[in-house]
Asks: 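First the structure, which I've put down as structure tokens, then a few questions once you've had a look.
In this chain, numbering begins with 1 at the start of the sequence shown. Both ligands and their constituent atoms are indexed starting at 1 by order of listing. Hydrogens, waters and symmetry mates are skipped; everything else that's a heavy atom, side chains included, is used.
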Amino acid sequence: MSKVLVTGGAGFIGSHIVDLFIKNSYQVVVVDNLKTGKKENLNPNAKFFENDICDAVALENIFKEERPDFVSHQAAHASVRESVEDPQFDAQNNIFGSLNILENCVKFGVKKIVFASTGGALYGEADQIPTPENYPAHPLSPYGVAKLTIENYLFYYGIIKNLNYVVLRYANVYGERQDPFGEAGVVAIFSQKIISGSQPVINGDGNQTRDYVYVGDVAQANLLALESNKTKIAYNIGTGMETSVNELFKIMIEISEKKVKEVHGAAKEGEQRRSALDFTKIKNELGWKPKVALKEGLQKTCQWFLNKK
Ligand code: NAD
């Protein structure tokens, strides 16, 4: 039985990845500091270490004790806004913490690491939509810079230390367990507000677009990337489709069957107007494609928020 260490395995995306690995007979070890992750997200069949990836000594001990075959690196402080407010904190967590992971992967002979990067925050305001992987990466936030930095470190570790890796650049991931209270995705925020009877507010004119990909499809991409013989490569994980916030709001109202007014607030300064990722590369090379259509995924998500109420 192969063993995989999942960082951030108590978080939104990481916990779905953990569930899928366990379903596929992997032994799973989770490292999470529970900063935004939750114990209730943790699969009871995973071995849990409540540790920070920035704690080099603790992390090395975990690698020494567990000797994972694979690493799925999902832990990050995933807030673009906070990275703008405090770039040092973002770098400390997302760059130096990740470096600890990469060093241990080399030291303990990990067969492959899959790294959760970003598509939306990497390409900036692209003039090619859906955007392919070879579009120039010029991130416009410290969070995006940190993700690109780790991609560059992986390139170095790949060449010089022969570390096998796959980078997955996620679009806007949504689904069950997304936290509606941090700097969460709009789907979680709207779901929570609609269900609790409070008024959702659309920022600006609502014509800004994003590529919404269901968390179950993202977990599937992680499993495929880990098991494939592809290495030292980056793939976009999205649907290739743009959906405006106005459209998203309308679908969610329709699903909830509630009467909710469409209210617009001030536009967020510097907010990206359009984003969608071209997933042709992973479709051709690994046979991955998003299986859950937006309406179906939104139904599942709203149902989850309803059950949780
Ligand atoms: P999340 O906040 O739910 O998950 C992150 C997890 O990492 C949390 O459980 C948190 O407690 C843990 N963590 C953070 N810093 C840590 C540290 N220093 N040590 C140990 N654990 C730590 O966020 P998410 O949306 O599930 O994001 C997962 C990954 O996907 C992140 O790397 C994020 O940057 C990336 N990503 C997410 C999206 C999205 O739409 N949600 C898009 C692109 C990329």
Asks: What is the ring orientation for His16 with Phe12, classed by angle as parallel under 30°, tilted 30 to 60°, or perpendicular over 60°?
Replies: perpendicular

Asks: In plain terms, say whether Arg210 and Glu271 are close enough for a salt bridge, that is, a side-chain N and a carboxylate O under 4.0 Å apart.
Replies: yes

Asks: Out of Gln74, Lys35, His73, whose heavy atom sits nearest atom 31 (C) of ligand 1?
Replies: Gln74

Asks: Within less than 4.0 angstrom of ligand 1, does Lys38 place any heavy atom?
Replies: no

Asks: Taking only heavy atoms of Gly37 into account, list the atoms of ligand 1 that are under 4.0 Å away from them.
Replies: 8 (C), 9 (O), 10 (C), 11 (O)

Asks: Any atoms of ligand 1 less than 4.0 Å from a non-hydrogen atom of Ala10? List them with their elements.
Replies: 9 (O)

Asks: Quick one: which ligand 1 atoms are inside 4.0 Å of a heavy atom on Ala75?
Replies: 7 (O), 13 (N), 21 (N), 22 (C)

Asks: Under 4.0 Å from any heavy atom of Asn51, which atoms of ligand 1 are there?
Replies: 19 (N), 20 (C)

Asks: Out of Ala188, Ala171, Ala78, Ser117, who is nearest to atom 44 (C) of ligand 1 when you count heavy atoms only?
Replies: Ser117

Asks: Considering distance alone, does some N or O of Asn93 sit under 3.5 Å from an N or O of ligand 1?
Replies: yes

Asks: Under a 4.0 Å threshold between the charged nitrogen and the carboxylate oxygen, would Lys308 count as salt-bridged to Glu176?
Replies: no

Asks: Ligand 1 and Ile13, any nitrogen or oxygen pair closer than 3.5 angstrom?
Replies: yes

Asks: What are the atoms of ligand 1, with element, lying closer than 4.0 Å to any heavy atom of Gly11?
Replies: 3 (O), 4 (O), 8 (C), 9 (O)

Asks: Compare Ala58, Ala76, Gly14 and give the one whose heavy atom is closest to atom 5 (C) of ligand 1.
Replies: Ala76

Asks: Pick out which of His73, Lys147, Glu103 makes a side-chain hydrogen bond (donor to acceptor under 3.5 Å, both in side chains) with Ser98.
Replies: His73

Asks: As an exercise, identify every atom of ligand 1 less than 4.0 angstrom from a heavy atom of Leu34.
Replies: 11 (O)

Asks: Any heavy atom of Ala121 closer to ligand 1 than 4.0 angstrom?
Replies: no

Asks: Are any of the N/O atoms in Asp32 less than 3.5 Å from those in ligand 1?
Replies: yes

Asks: To check you understand the geometry: which heavy-atom pair defines the closest contact between Lys3 and Glu66, and what is its length?
Replies: NZ-OE1, 2.7 Å

Asks: Are Phe190 and Phe249 close enough that their ring centres sit under 6.0 Å apart?
Replies: yes

Asks: Closer than 4.0 Å to some heavy atom of Tyr143 - which atoms of ligand 1 meet that?
Replies: 33 (C), 34 (O), 35 (C), 36 (N), 44 (C)

Asks: Is any side-chain N of the basic residue among Asp32 and Lys39 closer than 4.0 Å to the acidic one's carboxylate O?
Replies: no

Asks: Can you see which heavy atom on Asn203 is nearest to which on Gln208, and at what distance?
Replies: O-NE2, 2.9 Å

